[in-house]
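Residue numbers start at 1 and run along the sequence shown.
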Amino acid sequence: MNAYYSTLSGWIIPVTRAMKSLDIDPIETLVKFGIDPAEVNDPEGRICVESLGNLFSYCNKRVGHRQFNIEVARNFHPSALHALGYTVQSAYSLKEALERVSQYKRVVSNCSNMLTYESGNELIVELDVYRYPDSGRFVLSSDLIESFLATLVQLSRELVGGDLNPIRIQLTYGELADCPDVDAHFQCPVEFGCERNAVVLDLEQANERAFGNNPIINQAHLEILDQFMTRVDKTNLTYLIENKILEELPLGAPSQAVVAKHLGLSLRNLQRKLAEQGTCYKDILDCTRKRLTLSYIRQPHMSISEIGYLVGFSNVANFNRAFRRWENCAPGEYRQNYLTGNALVEHLHPKVS
């Protein structure tokens, strides 16, 4: 049963690099914990998280403190996350990048859910860790949780050009001994015994345009991700519906009845299943249209009317109304602000207080 909980084999890369930097034999250690080093050659391979957690514990004991957790984060590269990594690198902003990680968390592992949401002037990135059904024990060890949050911080810094410190880190487990490597990496208060495992970021900074923003590349990798998700998680109804919507949108937004028939479900059964997941067809359609529209609107070679057609609107007026509901401005105004934005200049020349 424990082998059911797995993570992407790409994690082997930062793990082995961390072991090398700390003078731990990578191959010998991976084999010791039942992890095949050759799995790294399969971009869609999976490794057992219980084995990975045991490996982290072993390596931390070898080096003392929890240095290994942080060393893995320091050696992380987005390519370890399959197409999700490239999608994140080309996202419009840090907030959008973290929302994509939350949306496609299943690519990374099936051990937890990840939520990205706003609270006042803060952006919360919360890791909701699952429990083993037989014992009630958390699937991820405290080492893996800390290392994953440290990796999110590392990734966030890379996306905004390095100048980022979280507001705070929150952890559900009890307070651990001080570790200089942990403190040096997070550069913010670390709170223990909290109700959630989370990285708390400044919302304004998270909304700034990212250095690597590239809407064309981003859209291409999102399509790869959607295809990947239908292979690895055929039971997730939302992904299946989104794929059908994306396929049909240029011909007009498909009705719920058409999608239900495509999935081999009755309309009532589809509605019931979506209600159980806390969503509905209208919301999935709207979110899919919005996501696709924001990708297209950032590509200046595409006309506004063409974009409206590609996302399933019968006329420009209806498209304009929907866009105003999404972004509180007209499509043309949004594009102009995007094209003339000087986020890079602002990063390089910060305001003097």
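Glu122 meets the salt bridge (charged side-chain N to carboxylate O under 4.0 Å, His left out) test with Arg168; sequence neighbours excluded. Not counting sequence neighbours, the partners of Arg66 by the salt bridge (charged side-chain N to carboxylate O under 4.0 Å, His left out) test are Glu146. In this view, Ser21 and Glu71 satisfy the side-chain hydrogen bond (donor to acceptor under 3.5 Å, both in side chains) rule, not counting sequence neighbours. Residues passing the side-chain hydrogen bond (donor to acceptor under 3.5 Å, both in side chains) test with Glu126 are Tyr117, sequence neighbours excluded. Qualifying side-chain hydrogen bond (donor to acceptor under 3.5 Å, both in side chains) partners for Ser9, counting only residues two or more places apart in sequence or in other chains: none. By the salt bridge (charged side-chain N to carboxylate O under 4.0 Å, His left out) test, Glu99 is found to be paired with Lys95, residues two or more places apart in sequence or in another chain being considered. Scanning for salt bridge (charged side-chain N to carboxylate O under 4.0 Å, His left out) contacts around Glu276 gives Arg272, with sequence neighbours left out. For Ser109, the side-chain hydrogen bond (donor to acceptor under 3.5 Å, both in side chains) test picks out Lys105, with sequence neighbours left out. In this structure, the side chain to side chain contact (heavy atoms under 4.5 Å, CB included) partners of Ala257, at least two apart in sequence or on a different chain, are Ser255. For Tyr92, the ring pair (Phe, Tyr, Trp, His ring centres under 6.0 Å) test picks out Tyr338, with sequence neighbours left out.
A donor atom on one side chain and an acceptor atom on the other are found under 3.5 Å apart for Arg62 and Tyr58. A donor-acceptor pair shorter than 3.5 Å can be found between the side chains of Asn69 and Asn60. Residues Arg268 and Gln271 have side chains that never bring a donor and an acceptor to within less than 3.5 angstrom of each other. Under the 3.5 Å distance criterion, with hydrogens and angles disregarded, a donor-acceptor pair is assigned to the side chains of Arg157 and Asn165. Between the side chains of Ser90 and Asn214, no donor-acceptor pair of N or O atoms lies under 3.5 Å.
Within the structure, no pair that satisfies the ring-ring contact (aromatic ring centres under 6.0 Å, His included) test touches residues 174-197, not counting sequence neighbours.
The existence of a salt bridge linking Asp25 and Lys20 is excluded, since no basic side-chain nitrogen approaches an acidic carboxylate oxygen closer than 4.0 Å. A salt bridge does not link Lys61 to Asp143: none of the charged side-chain nitrogens sits closer than 4.0 Å to a carboxylate oxygen. The residues Glu96 and Arg298 are annotated as salt-bridged, a charged nitrogen and a carboxylate oxygen being separated by less than 4.0 angstrom.
The ring of Tyr173 has its center no closer than 6.0 angstrom to the ring center of Phe138.
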Between side-chain atoms of residues 31-41 and protein atoms elsewhere (two or more places apart, or another chain), which donor-acceptor pairs fall under 3.5 Å?
from	atom 1	to	atom 2	distance (Å)
Asp36	OD1	Ala38	N	3.0
Asn41	ND2	Ala38	O	3.4

